[in-house]
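The basis for the numbers below is simple: all heavy atoms, side chains too, and nothing from hydrogens, waters or symmetry mates.
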Amino acid sequence: MNVFDFDNTIYDGESTLDMFFFYIVRKPWLIKMLPTVLKAFARYKKGEVSLSEALERYAPLVEKDILRVVDFEKDPGEFWDRHMKKIKPLYEELRSDDDLIITASPDFNVEEICKRLGIKRYLASRINRETGLIEFANLRENKIKAFLEQYGECEIENFYTDSPENDAVMVDKAKHAFIVRKNKVTQIK
């Protein structure tokens with residue numbers, strides 16, 4: 001099985017951040033959250049945010065407005081109509097039928113891109129579409145929990161990530177691991 005992180009790995013950028021800008025255009029009042037969002041992303045990428053802090057500090061910010069902002073049925077299609085071009089060409093070269101995407105991005109958005117790319121399996125952060133609550137944040141050590149729950153001891157042949165620090169648990173589980181920087185893939189294990 002090949003397992004791919006999504007953002008900055010097969011997607012050129014942070015899809016959740018791009019989604020935030022997608023919503024700012026529709027709901028300009030969200031601009032007031034921009035400094036907090038950018039700081040949170042920077043801290044996450046540097047590995048400065050623990051899973052518990054992310055859930056404690058940042059989840060409530062998302063949960064309080066998500067139902068006022070997101071149309072779970074319509075928005076993913078419109079978002080990906082505009083952002084498909086950000087899927088890196090390298091993914092087509094690496095692609096196989098048993099691929100799994102494992103990402104902190106929200107399930108409602110990941111589901112749509114996986115359909116478009118023909119990817120049958122993904123593990124993403126789960127958002128309750130009726131309550132707007134984050135049911136599962138699929139980041140750091142939660143990625144391996146979600147993987148083991150769904151796939152047991154299934155072997156990960158190749159794991160691809162932009163951040164071996166944030167995905168250390170997945171790198172450890174994989175037989176081979178690769179770091180992706182832009183369109184360059186380098187084996188690290």
Side-chain angles (χ1 to χ4, degrees), residues 4-87 100-117 119 121-147 149-150 161-163 165-167 169-170:
F4 292 85
D5 177 43
F6 186 70
D7 296 307
N8 291 305
T9 302
I10 65 173
Y11 181 81
D12 188 13
E14 293 284 344
S15 63
T16 304
L17 191 56
D18 286 349
M19 194 184 331
F20 180 72
F21 287 108
F22 170 84
Y23 285 116
I24 282 179
V25 170
R26 295 159 181 246
K27 311 281 185 186
W29 56 267
L30 287 170
I31 195 92
K32 68 182 181 200
M33 294 179 67
L34 186 59
T36 302
V37 169
L38 293 177
K39 182 179 177 184
F41 264 99
R43 291 188 66 220
Y44 172 72
K45 291 309 281 184
K46 291 178 185 175
E48 297 174 353
V49 178
S50 68
L51 176 59
S52 60
E53 182 185 358
L55 293 173
E56 237 174 73
R57 187 171 180 182
Y58 299 112
L61 296 174
V62 173
E63 293 171 338
K64 89 177 172 68
D65 289 319
I66 196 165
L67 295 178
R68 289 184 0 186
V69 173
V70 177
D71 180 328
F72 293 106
E73 299 305 314
K74 188 177 105 186
D75 293 351
E78 289 184 19
F79 177 84
W80 287 112
D81 285 348
R82 296 181 186 154
H83 290 85
M84 277 296 293
K85 63 185 179 253
K86 292 186 80 173
I87 298 298
L100 168 70
I101 301 298
I102 191 162
T103 180
S105 295
D107 57 354
F108 66 89
N109 207 37
V110 175
E111 179 180 21
E112 177 66 24
I113 190 58
C114 285
K115 283 181 193 171
R116 291 180 183 213
L117 293 173
I119 299 169
R121 303 181 300 186
Y122 65 89
L123 296 170
S125 294
R126 291 189 304 270
I127 311 294
N128 184 306
R129 295 175 192 197
E130 291 179 20
T131 65
L133 297 178
I134 298 170
E135 294 178 339
F136 183 77
N138 195 38
L139 52 102
R140 296 226 172 74
E141 61 268 21
N142 270 359
K143 284 186 176 182
I144 197 69
K145 288 178 189 173
F147 180 85
E149 183 180 295
Q150 188 72 32
T161 182
D162 69 307
S163 178
E165 301 80 22
N166 284 332
D167 286 330
V169 293
M170 297 304 295

Rounded to the nearest 0.5 Å, the CZ atom of F108 sits from the CZ atom of R126 at a distance of 14.5 Å
Rounded distance (nearest 0.5 Å) linking atom CG of L100 with atom CZ of F147: 6.5 Å
What's the shortest heavy-atom distance between C114 and I101, and which atoms? SG-CG1, 4.0 Å
For V169 and R140, what are the C-alpha separation, side-chain angles and deciding distance, and is it a side chain to side chain contact (heavy atoms under 4.5 Å, CB included)? CA-CA 7 Å; V169 293; R140 296 226 172 74; over 6 Å; no
Verify side chain to side chain contact (heavy atoms under 4.5 Å, CB included) between V37 and L30, making sure each step is shown before the conclusion. CA-CA 10 Å; V37 169; L30 287 170; over 6 Å; no
Side chains of N8 and S163 only: does a donor on one sit below 3.5 Å from an acceptor on the other? no
Taking CD in E149 as the centre, count heavy atoms belonging to other residues, nucleotides or ligands within less than 6.0 Å. Is the count above 12? no
Can you tell me how far CG of L123 sits from CD1 of I102, rounded to the nearest 0.5 angstrom? 5.0 Å
Indicate yes or no: at least one non-hydrogen side-chain atom of E78 is less than 4.5 angstrom from one of F22. yes
Counting only heavy atoms not in E48, do more than 12 fall under 6.0 Å of its CD? yes
Classify the ring geometry of H83 against W80: parallel below 30°, tilted from 30° to 60°, perpendicular beyond 60°. perpendicular
So does K86 have more than 12 non-hydrogen atoms from other groups sitting under 6.0 Å from NZ? yes
